[in-house]
Amino acid sequence: MHLTHVAVAAVVTLSVAGVSYTALNPEVLKRNTQAVADRATCRTVDAAIVAYAGVNGASPASIAEVADYVKGDISAYRIVKGQAAGPGC
């Protein structure tokens, strides 16, 4: 057997072991997925600003005013000239 065959076999074995660990440990996978899903995006905050303006007839002055219109964490965002400003904007 050549050294390259041994190396390839080792890589395949480690890859299968890693995938199996992830598949057999759903709690970690769920926790990581939930952490990503809980973060709101710039587009989500912009949509909340539009919804707020539609309901109240005026643009929100602070991010706290649109918090009820968003499901997720919007603490990293702020409102600048009627639009969301923050990560990804």
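Here the structure is a predicted model, which means the values were calculated and not measured.
In terms of the side-chain contact (heavy atoms from CB on, under 4.5 Å) criterion, residue partners of R43 (sequence neighbours excluded) are, by chain and number, T41. Not counting sequence neighbours, the partners of S75 by the side chain to side chain donor-acceptor pair (under 3.5 Å) test are D73.
The stretch residues 42-89 participates, sequence neighbours left out, in these disulfide (SG to SG under 2.5 Å) pairs: C42-C89. Listed by first and then second residue, the disulfide (SG to SG under 2.5 Å) pairs involving residues 45-74 amount to none (not counting sequence neighbours).
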Run the side-chain donor-acceptor check on residues 55-70: report pairs under 3.5 Å with partners two or more places apart or on a different chain.
from, atom 1, to, atom 2, distance (Å)
N56, ND2, Y52, O, 3.2
E65, OE1, A61, N, 2.5
E65, OE1, S62, N, 3.2

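Note that CG of D46 and OH of Y77 are 9.5 Å apart. Values are rounded to the nearest 0.5 Å.
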